[in-house]
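Note that this is a predicted model, so its numbers are computed, not measured.
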Amino acid sequence: MEQQKGILLESGTNELEIVEFAVGGNKFGINVIKVKEIIQPVPVTKIPHSHHNVEGIIEIRGEILPVVSVATVLGLPESTDKTADKFIITEFNQTKVVFHVHSVTQIYRISWNEIEKPSGMYQGFESQITGVIKLHGEMVLLLDFEKIVVDINPGSGINVDQVKKLGKRERSGKKLVCAEDSPLLRKLLNDTLEEAGFFNVEFFENGQDALIYLESIIQAGKKIEDEVQIIITDVEMPQMDGHHLTKRIKEDANLNKLPVIIFSSLITDDLRHKGMKVGATAQVSKPEISELVKLIDKYIL
């Protein structure tokens, strides 16, 4: 099944489409714009001493891609009916990875505000879940595919050493607002931005909370440019995504002077137009943290 391009033509609607799939009797979802293709499983070449979550590699149209077992990642049993198994070929963080799942059902179009943040009380798969969706009386769990990949290959994540190479700098007077739903990435961003000289960073778990904070500054009678110098936002977040947050900021006469940088695993040549349509000042693909820092310097120093 090829990705259905053009289903969601508008940008900033706060909607997404998810591909629903099953593993070990549980239902999960992945944002359709991460999915390049869904195919029947093909023979996998095993790699000695590879990570235990990696089944091996396959060749697709001249590209060698790793195959990750989602069941192994989540500690679930293998499928009992191998004929229903599927390979989901994905692209994000400038990387292509194949995920082995037990079945693929359908695509749903939903709003980000229908996605609930997982509670620590029932987050059974450690921090592998980024959101919970109620569909037709059942729970569909959104997996944190970026974390799955970083756990396998830590070098693919945000690397503070990239910023250390930029040298010591003094940036502490600038106020940054960052919307990022992943606790792991919030900590990495905080540590990295501090290394870059930015010590005044306000973090929010989603675009909605960030927007409420910005609007509260205006409601207090203050000028936004005196209180905040730049916005950094992820795209995929429960309640309000980064594209919708950017659109709301750029449509607000009191906020639209703020530079907005989208920092997301979904920044590709095919998807960059979505950020442009909502007025993003710049867009950077994770994990290019040094490029992000250079852009922050460009727009607020």
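- Connection of V201 to L245 is not established within any shared hydrophobic cluster, with ILVMFWY side chains joined at heavy-atom distances below 4.5 Å, either directly or through further cluster members.
- Ring centers of H136 and Y108: under 6.0 Å apart, within the cut-off.
- No side-chain heavy atom of M139 sits less than 4.5 Å from a side-chain heavy atom of K27.
- Salt bridge E288/K294: absent, no basic N to carboxylate O contact under 4.0 Å.
- Note: the hydrophobic cluster containing V73 also contains V101 (ILVMFWY, side chain heavy atoms under 4.5 Å, direct or indirect links).
- Between I230 and L258, every side-chain heavy-atom pair lies at or beyond the 4.5 Å cut-off.
- Without hydrogens or angle criteria, T95 side chain to N93 main chain gives a donor-acceptor distance under 3.5 Å.
- Interatomic distance, N31 CG to S265 OG, rounded to the nearest 0.5 Å: 8.5 Å.
- A perpendicular orientation is assigned to the rings of F145 and F99, their planes being inclined by more than 60° (bins at 30° and 60°).
- Residues L189 and C178 meet the side-chain proximity criterion, which asks for heavy atoms closer than 4.5 Å.
- The existence of a salt bridge linking E146 and K286 is excluded, since no basic side-chain nitrogen approaches an acidic carboxylate oxygen closer than 4.0 Å.
- Contact annotation: the side chain of E236 approaches that of W112 to within less than 4.5 Å [non-hydrogen atoms, C-beta and beyond].
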Audit row: T83, D81, side-chain hydrogen bond (donor to acceptor under 3.5 Å, both in side chains) steps and yes/no: CA-CA 5 Å; T83 61; D81 178 14; 2.4 Å; yes
S79 vs D85, side-chain hydrogen bond (donor to acceptor under 3.5 Å, both in side chains): CA-CA, chis, key distance, verdict: CA-CA 7 Å; S79 59; D85 282 20; 2.8 Å; yes
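- Ionic pairing of E114 and R109 is not present here: no N-O contact between side-chain nitrogen and carboxylate oxygen is shorter than 4.0 angstrom.
- One distance of note links CG of L193 with CD1 of I289; it measures 5.5 Å at 0.5 Å rounding.
- A salt bridge does not link E180 to R186: none of the charged nitrogens lies less than 4.0 Å from a carboxylate oxygen.
- Look at D151 and K147 and you find a salt bridge, because one of the NZ, NE, NH1 or NH2 atoms lies within 4.0 Å of a carboxylate O, short of that distance.
- Residues I224 and F198 do not share a hydrophobic cluster, clusters being chains of Ile/Leu/Val/Met/Phe/Trp/Tyr side chains in contact below 4.5 Å.
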Worked verdict on R61 versus E37 for salt bridge (Lys or Arg N to Asp or Glu O under 4.0 Å): CA-CA 12 Å; R61 298 180 188 87; E37 191 177 359; 2.7 Å; yes
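- Contact check for V54 versus V67: no side-chain heavy atoms found under the 4.5 Å cut-off.
- Note: Q94 CD to E91 CD = 9.0 Å, rounded to the nearest 0.5 Å.
- A donor-acceptor distance shorter than 3.5 angstrom exists from the side chain of T281 to the backbone of V260, with no hydrogens or angles considered.
- The backbone N or O of G24 lies less than 3.5 Å from a partner atom in the side chain of H102, making a donor-acceptor pair.
- Side-chain atoms of Q229 come within 3.5 Å of backbone atoms of E225 as a donor-acceptor pair (strictly under, hydrogens ignored).
- Salt bridge annotation for E227-K175: absent, with no cationic side-chain nitrogen under 4.0 angstrom from a carboxylate oxygen.
- The pair D252-R248 fails the salt-bridge criterion, with no side-chain N (NZ, NE, NH1 or NH2) lying under 4.0 Å from an Asp/Glu carboxylate O.
- At least one side-chain heavy atom of I296 sits under 4.5 Å from a side-chain heavy atom of I261.
- The side-chain contact (heavy atoms from CB on, under 4.5 Å) with I89 is formed by just one residue from the set L65, V97, V35; it is L65.
- When hydrophobic clusters are built by joining Ile, Leu, Val, Met, Phe, Trp and Tyr residues whose side-chain heavy atoms come closer than 4.5 Å, directly or via intermediates, I115 is grouped together with L135.
- V228 and I232 are not part of a single hydrophobic cluster, where members link through side-chain heavy atoms under 4.5 Å apart.
- Here the side chains of L185 and D234 are not in contact, with every heavy-atom distance at 4.5 Å or above.
- Interatomic distance, CD of E20 versus CD1 of I133, reported as 9.0 Å (0.5 Å rounding).
- For D241 (side chain) and H244 (main-chain N/O), a donor-acceptor pair under 3.5 Å exists by modelled atom type.
- In this structure, the separation between CD on E63 and CD on E59 is 9.5 Å, given to the nearest 0.5 Å.
- Panel note: side chain Q283, backbone R272; a donor-acceptor pair is recorded below 3.5 Å.
- For the residue pair S69 and T72, the shortest heavy atom distance occurs at OG-OG1, 2.9 Å.
- Side-chain contact check for F203 versus N190: some heavy-atom pair is nearer than 4.5 Å.
- Using modelled atom types, one finds a donor on one side chain and an acceptor on the other under 3.5 Å when comparing N113 with S111.
- Rounding to the nearest 0.5 Å places CD1 of I110 at 4.5 Å from CD1 of I18.
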